[in-house]
Protein chains: 2
Amino acid sequence: MEFQVTFRVNDKIYLRDPESSEVGKQIVKNAIDLMYELGFEHFTFKKLAIAIHCTEATIYRYFENKHRLLLYILNWYWCYMEFLVMFKLQNVTDTPEKLKTVVHLLTHELPESSGQFDYNKKFLNQIVIAESSKVYLVKEVNEINKNEVFKPYKDLCAQIARIISEYQPDYLYSKSLSSTLIETAHHQQFFSMYLPKLTDVSVENQAEFTSLFLENLLFNVLR
Amino acid sequence: MEFQVTFRVNDKIYLRDPESSEVGKQIVKNAIDLMYELGFEHFTFKKLAIAIHCTEATIYRYFENKHRLLLYILNWYWCYMEFLVMFKLQNVTDTPEKLKTVVHLLTHELPESSGQFDYNKKFLNQIVIAESSKVYLVKEVNEINKNEVFKPYKDLCAQIARIISEYQPDYLYSKSLSSTLIETAHHQQFFSMYLPKLTDVSVENQAEFTSLFLENLLFNVLR
DNA sequence: TCATAAATAATAGTAATACTATCAAAAATA
DNA sequence: TATTTTTGATAGTATTACTATTATTTATGA
C-alpha cells in the first residue's frame with residue numbers, strides 16, 4: 001500500500017504557497033540542501049536563487065525573508081513529527097513503551113516518506129538540530145508568535161506532555177519536561193558531535209548516546 | 001571589605017584586549033546594553049560605534065566581528081558563573097544543598113560585583129538566555145573550538161558535573177546532565193517569558209518557575 | 001477567437017551590513 | 001630629537017536584504 005502524507009502549513013508563514021507551483025517546491029527542497037551545507041547564517045536567497053536557476057525576486061514572492069523560510073521548514077518538521085508520534089503509537093498500550101518510542105523518534109533521523117518529491121531527511125534532521133532555536137530566539141518573538149506559527153511546536157509538546165501525564169498523572173511539569181525533552185534531544189546530539197566534552201558520549205555509543213541519556217533521564221524523573 | 005574579581009578571557013577571542021583601554025571597556029559595556037536592546041541579529045558595529053561616539057574601524061581593531069564580541073561576553077559570564085559556584089559553595093558540605101545553590105545561580109540574575117566599571121547584570125542575564133546558543137550553533141563550530149574559546153563553558157559544565165557525581169557516584173551521565181541543566185535553565189526561562197504554553201509556568205510562580213522545575217528534575221533523576 | 005486583465009518572473013535598482021585599506025595624529029621608545 | 005609603533009578617523013568595497021519597475025505569460029470572458 002502506497003500513501004502520501006501532506007501537511008497544511010500555516011499560511012501566515014509564506015506570501016505564496018510554495019506547494020502551489022514547481023518553483024515553490026524547488027525553493028523549499030533546495031533551501032534544505034543549501035541550509036544544511038552553508039548553515040543558516042551563510043545561507044542567502046541569492047545563493048538559493050543561483051542553485052535553482054531563478055532570481056532572488058522569485059523567492060521573495062514566496063517568503064518574506066530567510067527566517068520565514070526556516071520557520072516553514074520547521075513547521076513542516078513539527079507537523080511530520082506529531083504525525084509520526086501519533087502513527088507509531090497506534091495500538092501501543094504500554095505507557096513506558098510509548099515514552100521510549102517518543103525518545104527514539106526525537107533522536108533519530110526521520111523515516112523516508114514516499115512521494116516522488118521528498119525532502120532530504122538527513123539534512124532536515126541536521127537543520128532541526130542546529131538551526132531550530134534560531135526561529136524563536138529573536139527579538140521579534142512576540143510579534144511572530146501572534147500568527148500562531150509556533151502552534152505545531154506547541155501541539156507536539158502538548159502531545160508528548162499527555163503521554164507523560166498518562167505515565168504519571170500527578171507529575172507537575174509535563175509540558176516543561178516535554179519541551180526539555182525536545183530541546184535536549186537537539187543540543188545533546190549537537191554537543192556529542194561537536195563539543196563532546198559537554199556530554200558523556202564515547203566512541204562506542206556515539207549513535208545511541210542521546211536516546212540512552214534521555215531514556216534514563218525520563219524514567220528517573222518520572223515514577 | 002571591598003574586593004574586585006576580574007577574569008582573564010582567552011586572548012584568541014579578541015584582536016586587542018578591550019580591558020587595556022578606555023574605549024575597549026566602553027565597547028564591551030555598551031555592547032551588552034545594545035545587544036540586549038536590539039537582539040544579536042539587529043546589533044551591528046555601526047550602531048555600537050554611534051552609541052559610544054567612535055568609528056566602526058575602532059571596534060574592528062578589538063574584535064574581528066560581532067560573533068567574537070558575543071563570545072567574549074559569554075566567556076566573561078561563564079568565568080564569573082564558575083567563580084560564583086565555587087565561592088557560594090565554600091563551607092557548604094551538604095551535597096543536596098550544593099545542587100540547590102547551583103540551580104539557584106543558573107536561574108537568577110547575577111549578583112552585582114563591585115567595581116566602578118561594571119556590566120549591567122540584568123541585560124547580561126537576558127543575553128545569556130536568548131543569545132548564548134548562537135555562539136556554538138554555527139557552521140564554523142569546529143574551527144572556533146580549536147582556540148579553546150569554549151573552555152570556560154566546559155569548565156563550568158565539569159564543575160557542576162563533579163557535584164552531581166559527588167551526590168551520586170554511579171550516575172552515568174553527569175556531564176550531559178550538567179550541560180542539560182545549563183541549557184534548560186536558559187530555554188525554560190525564555191519559554192516561560194515568551195512561549196509559556198511550552199512550560200507549566202503560572203502567574204503565581206513566574207519568578208521561581210524554572211528553579212522549581214530544575215530542582216524537581218535534578219532530585220528525581222538522581223539518587 | 002480575440003481582447004483584456006491578472007499573475008508571474010526577470011531586471012535593475014537601493015539601503016544597510018560587514019568588512020578593509022589608507023592615512024594622519026599621538027604616544028612610546030631609542 | 002628622531003624614529004617607530006600605536007591609535008583613531010576617513011573613505012572606501014563586496015555582499016546582503018530587500019523593493020520597484022518592466023516584460024512576459026497565463027487566465028478569463030465577451
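Just the heavy atoms: all of them, side chains too, but no hydrogens, waters or symmetry mates, feed the values below. Note that this is a predicted model, so its numbers are computed, not measured.
- In this structure, the CD atom of E22(B) is 14 Å from the P atom of dT7(D), given to the nearest Å.
- The list of salt bridge (Lys or Arg N to Asp or Glu O under 4.0 Å) pairs with a residue in residues 61-89 of chain B, not counting sequence neighbours, is empty.
- Backbone-only contact: Y62(A) has heavy atoms under 4.0 Å from sugar-phosphate atoms and none from a base.
- Annotation: salt bridge (Lys or Arg N to Asp or Glu O under 4.0 Å) contacts of D17(A) (sequence neighbours excluded): R8(A).
- In this structure, N65(B) places its CG atom 15 Å from P of dT16(D), rounding to the nearest Å.
- Here dA15(C) presents its C1' atom at 13 Å from NZ of K46(B), a figure rounded to the nearest Å.
- The CD atom of E64(A) sits 20 Å away from the P atom of dT16(D) (whole-angstrom rounding).
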Using distance only, find each side-chain donor-acceptor pair of residues 37-47 of chain B under 3.5 Å and give its atom names and separation, not counting sequence neighbours.
residue: E41(B); atom: OE1; partner: K134(B); partner atom: NZ; Å: 3.2
residue: E41(B); atom: OE2; partner: K134(B); partner atom: NZ; Å: 3.1
residue: H42(B); atom: NE2; partner: E140(A); partner atom: OE2; Å: 2.4
residue: T44(B); atom: OG1; partner: K47(B); partner atom: N; Å: 3.1
residue: K47(B); atom: NZ; partner: H42(B); partner atom: O; Å: 2.8

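- Nearest to the side-chain atoms of Y60(B) among the listed nucleotides dT16(D), dA9(C), dT20(C) stands dT20(C).
- In this model, the phosphate group of dT7(D) is approached by a side-chain N or O of R16(B) to a distance below 4.0 Å at OP1 or OP2.
- Separating the NE2 atom of H42(B) from the P atom of dA15(C) is a distance of 20 Å, rounded to the nearest angstrom.
- Here the P atom of nucleotide dC18(D) and the CD atom of E41(B) are 12 Å apart, to the nearest Å.
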Can Y77(A) and S132(A) be said to form a side-chain contact (heavy atoms from CB on, under 4.5 Å), step by step? CA-CA 10 Å; Y77(A) 169 84; S132(A) 63; over 6 Å; no
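- The nearest whole Å value for the distance from the CD1 atom in I52(A) to the C1' atom in dA9(C) is 12 Å.
- Rounded to whole angstrom, the span from the NZ atom of K47(B) across to the C1' atom of dA16(C) amounts to 9 Å.
- Between Y80(A) and F83(A), the ring planes are parallel. Angles under 30° get that label, and only those over 60° would be called perpendicular.
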Can you give me every donor-acceptor pair (side chain of residues 143-154 of chain A, partner residue at least two apart or in another chain, under 3.5 Å) with its distance?
residue: E143(A); atom: OE1; partner: K146(A); partner atom: NZ; Å: 3.3
residue: N145(A); atom: OD1; partner: K154(A); partner atom: NZ; Å: 3.0
residue: K151(A); atom: NZ; partner: D155(A); partner atom: OD2; Å: 3.0
residue: Y153(A); atom: OH; partner: E183(A); partner atom: OE2; Å: 2.4

Can you list, pair by pair, the side-chain donor-acceptor contacts under 3.5 Å of residues 102-110 of chain B, counting residues two or more places apart and other chains?
residue: T107(B); atom: OG1; partner: V103(B); partner atom: O; Å: 2.7
residue: T107(B); atom: OG1; partner: H104(B); partner atom: O; Å: 3.3
residue: H108(B); atom: ND1; partner: H104(B); partner atom: O; Å: 2.8
residue: H108(B); atom: NE2; partner: E208(B); partner atom: OE1; Å: 3.4
residue: H108(B); atom: NE2; partner: E208(B); partner atom: OE2; Å: 3.0

Nucleotide N/O of nucleotides 10-13 of chain C paired with protein N/O under 3.5 Å:
residue: dA10(C); atom: OP2; partner: T58(A); partner atom: OG1; Å: 3.1

